[in-house]
Amino acid sequence: MNHAQLIEWTLRSRPLDHSPGQQYAYSNFGYCVLGRVIEKVTGQPYAALCAITVLKRCGINDMTIAGNTLAERRPEEVKVLRAGNNNHMA
């Protein structure tokens, strides 16, 4: 799914587990939405804007936003292990 499809699917298919403000649960979904808002407001791709406005100012010149699958993982990318399931990146 692309970002628009993911947002649409999530809002249509995933009801809230709890009322807002009642319980905390981490999710990257908010960052997906925030990235699209940033793109809409600035007219620039999220990754390019981060590279210019944040990373370059910190002296970072070679960072890339990670892909979503093992097939998209770059050779120098950190390996992420998710506890509790067999569907981890390694």
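Predicted model only: the values in this text are computed from it and were never measured.
Other residues, nucleotides and ligands place no more than 12 heavy atoms under 6.0 Å from the CZ atom of Arg74.
Side-chain contact between Arg36 and Ile7 is present, with heavy atoms from C-beta onward closer than 4.5 Å.
Checking side-chain atoms of Gln5 against main-chain N and O of Asn2 turns up a donor-acceptor pair under 3.5 Å. In this structure, the side chain of Thr69 engages the main chain of Glu72 through a donor-acceptor pair within 3.5 Å.
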For residues 40-65, please give each side-chain donor-acceptor pair under 3.5 Å, one per line with the distance, not counting sequence neighbours.
unit_1: Thr42; atom_1: OG1; unit_2: Ile38; atom_2: O; d: 2.8
unit_1: Thr42; atom_1: OG1; unit_2: Gln44; atom_2: N; d: 3.2
unit_1: Thr53; atom_1: OG1; unit_2: Leu49; atom_2: O; d: 2.7

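No path of Ile, Leu, Val, Met, Phe, Trp and Tyr side chains, each step under 4.5 Å between heavy atoms, connects Leu11 with Leu6, placing them in separate hydrophobic clusters.
Smallest separation of non-hydrogen atoms from Arg73 and Glu77: NH2-O, 2.7 Å. Nearest heavy-atom pair across Tyr31 and Ser27 is CD1-O, 4.2 Å.
For the atom pair CG of Leu34 and CD of Glu39, the computed distance is 10.0 Å after rounding to the nearest 0.5 Å.
Take Ser13 and apply the side-chain hydrogen bond (donor to acceptor under 3.5 Å, both in side chains) test, not counting sequence neighbours, and it matches Trp9.
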